[in-house]
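The structure appears right after this line, and notes come after that.
Sequence lines set the chain letters: A, B, ... in the order given, protein chains first and strands last, and positions in each chain run from 1.
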There are 2 protein chains.
Amino acid sequence: MVRPGGRSARVQQSVHAAVRELVAEVGRDALTVPMVATRAGVTPSTIYRRWGDLQELLSDVAVERLRPETDPADLGSLRADLDAWAEQFIDEMASPPGRAYIRDALLGDPDGTNAGQCSAYAAEQIDVVLARAAQRGEPVPETELVIDRVVAPIMYRILFRPGRLDAAYARELVTHALDARQTEAGARLTRAAAPRRSKKKSGH
Amino acid sequence: MVRPGGRSARVQQSVHAAVRELVAEVGRDALTVPMVATRAGVTPSTIYRRWGDLQELLSDVAVERLRPETDPADLGSLRADLDAWAEQFIDEMASPPGRAYIRDALLGDPDGTNAGQCSAYAAEQIDVVLARAAQRGEPVPETELVIDRVVAPIMYRILFRPGRLDAAYARELVTHALDARQTEAGARLTRAAAPRRSKKKSGH
DNA sequence: AGCTTAATGCGATTTTGTTGCTTCTAGGCG
DNA sequence: CGCCTAGAAGCAACAAAATCGCATTAAGCT
């Protein structure tokens, strides 16, 4: 039986809050489970039982923070919307805290659930932009194509390369993703079903 | 002062070997630092001092295993070489052990050194293929462009999406990377200096 | 060979992680 | 409305791990 409300929910909230506070105060490296437990006003065993270890807890918190809060801005054209979205994506994800959240989300994630969720967030945002453009009558590429050509290169650089990521790079990627010939040819590239979220027992 | 030889080197070798053996025997989840230390014939404090924690040790071992052992095959044309390389890349990286190594490499890597090294391995391999093609007089894209269009989408799927990765997908990515117009336009995309390896104290 | 110093070994100590059992409470049912 | 049930949290004893100071070993240099 799942218990989404009552005490369980309060415990989860206070634990999450404690993690966020302590990460800000002492840094992620100094964080320990007993420390979080004390701050949250619970016993360590509660955390160990619900999350297993610090990594999974951090992963849980990280996915929460990576969830986009608003729909992408509507600037009147697909080009402008995608540009703005990609630029904001880079700003959020490539910043030191953003990188840390991405790493944490990937980290304590044995089954890839959290990683899939992150990807799904990006796909949803792109879908909104593309649907709006289609509504306007603009030709639109497949979501998968935008992920391959815009999101993937950005994430690859964030995770694997020290190099810089700026707005100009974002625009180049978008230009390329919207290239007419590529957009038509892109249908061939469609594959890889969208990941679905299977709630954890700690459901939030 | 760095001590690349003698006892330090022997300790490192035996620790790495112990990790590989134990991962195969008991699995990564059951692995502990004291266990590795016993198998390697060293004291736990040695491992803690040199590697910090289990994650960094695993990251160290993972990078070793992700190092390509041979140059990409020469099949007579850029297209064939890249196809073959991408296909092999997917085979190795998308397999369960490959994914595990990638995760480990990213995991215990506070400064991104190991991740940069993984990226550098791929870049080196691609450079070999491209240099050979240039030698033959074929038009070649920038290394960065191949990374953005072939490597990045593959790694993104491996890390974030449950979907399938097969040879057909690899070929589509290569086709797209070699597209003539894109190859010319690609010069604009060049940025992000190649990462350089700064040896750890445990130097291997 | 002798010197210097990084690296390892060893053991005491602290901290973290695990487990069995009890207590509490949300949600279901009569 | 109050009992019942079972999942979740608390508690405490225990096991395992990580840390630290100090002694010892041995690379690398002159």
Side-chain angles (χ1 to χ4, degrees), chain A residues 1-19 22-23 25-61 104 107-110 198-204, chain B residues 1-19 22-23 25-61 104 107-110 198-204:
Chain A
M1 187 200 295
V2 182
R3 302 233 171 148
R7 184 161 73 158
S8 296
R10 285 195 301 278
V11 166
Q12 160 149 357
Q13 282 187 335
S14 68
V15 169
H16 274 217
V19 168
L22 288 168
V23 164
E25 287 173 29
V26 305
R28 178 178 350 280
D29 294 341
L31 209 65
T32 66
V33 170
M35 192 185 297
V36 173
T38 302
R39 173 68 63 102
V42 301
T43 60
S45 60
T46 294
I47 293 179
Y48 288 121
R49 275 198 261 254
R50 271 184 65 162
W51 284 278
D53 60 17
L54 188 61
Q55 286 182 7
E56 285 185 54
L57 173 55
L58 283 170
S59 182
D60 211 42
V61 172
D104 285 341
L107 217 101
D109 188 23
S198 66
K199 283 278 181 191
K200 314 189 69 150
K201 58 182 172 179
S202 54
H204 37 256
Chain B
M1 188 199 295
V2 183
R3 300 220 171 158
R7 186 163 68 160
S8 295
R10 284 196 301 277
V11 166
Q12 160 149 0
Q13 282 187 336
S14 68
V15 169
H16 274 217
V19 168
L22 288 168
V23 164
E25 287 174 29
V26 306
R28 179 182 344 282
D29 294 341
L31 209 65
T32 66
V33 170
M35 192 185 295
V36 173
T38 301
R39 173 68 63 102
V42 300
T43 59
S45 59
T46 294
I47 293 179
Y48 288 122
R49 277 196 265 253
R50 272 182 64 162
W51 283 278
D53 59 18
L54 189 61
Q55 285 183 9
E56 286 186 53
L57 173 55
L58 283 170
S59 181
D60 212 41
V61 172
D104 285 341
L107 217 99
D109 188 23
S198 64
K199 284 278 182 192
K200 310 190 73 150
K201 57 183 172 179
S202 54
H204 38 253

Less than 4.0 angstrom between a side-chain N/O of [X] and OP1 or OP2 of [N], yes or no?
| X | N | value |
| --- | --- | --- |
| A/Arg10 | C/dA26 | yes |
| B/Tyr48 | D/dA18 | yes |
| A/Thr43 | D/dA9 | no |
| A/Arg50 | D/dA9 | yes |
| B/Thr32 | D/dA17 | yes |

Please report the distance, rounded to the nearest Å, between [atom1] in [X] and [atom2] in [N].
| X | N | atom1 | atom2 | value |
| --- | --- | --- | --- | --- |
| A/Arg49 | D/dA12 | CZ | C1' | 12 Å |
| A/Asp53 | C/dT19 | CG | P | 14 Å |
| A/Ile47 | C/dT18 | CD1 | P | 13 Å |
| A/Leu54 | D/dA17 | CG | C1' | 15 Å |
| B/Asp29 | C/dG17 | CG | C1' | 16 Å |
| A/Leu31 | D/dA18 | CG | P | 16 Å |

Practice task
Answer whether the closest heavy-atom distance between the side chains of A/Leu58 and A/Val19 falls below 4.5 Å.
Solution key: yes

Practice task
With the side chain counted from C-beta on, respond yes when A/Asp53 and A/Val33 share a heavy-atom pair under 4.5 Å apart, and no when they do not.
Solution key: no

Exercise for the section: Of all the heavy-atom pairs spanning B/His16 and B/Leu57, show the shortest one and how long it is. Expected result: CD2-CD1, 4.4 Å

Handout entry: Heavy-atom pair of closest approach, residues B/Pro34 and B/Pro44
Key = CA-CG, 4.3 Å

Handout entry: Given D/dA12, C/dG17, C/dG11, the nucleotide with the shortest approach to the side chain of B/Ser45
Key = C/dG11

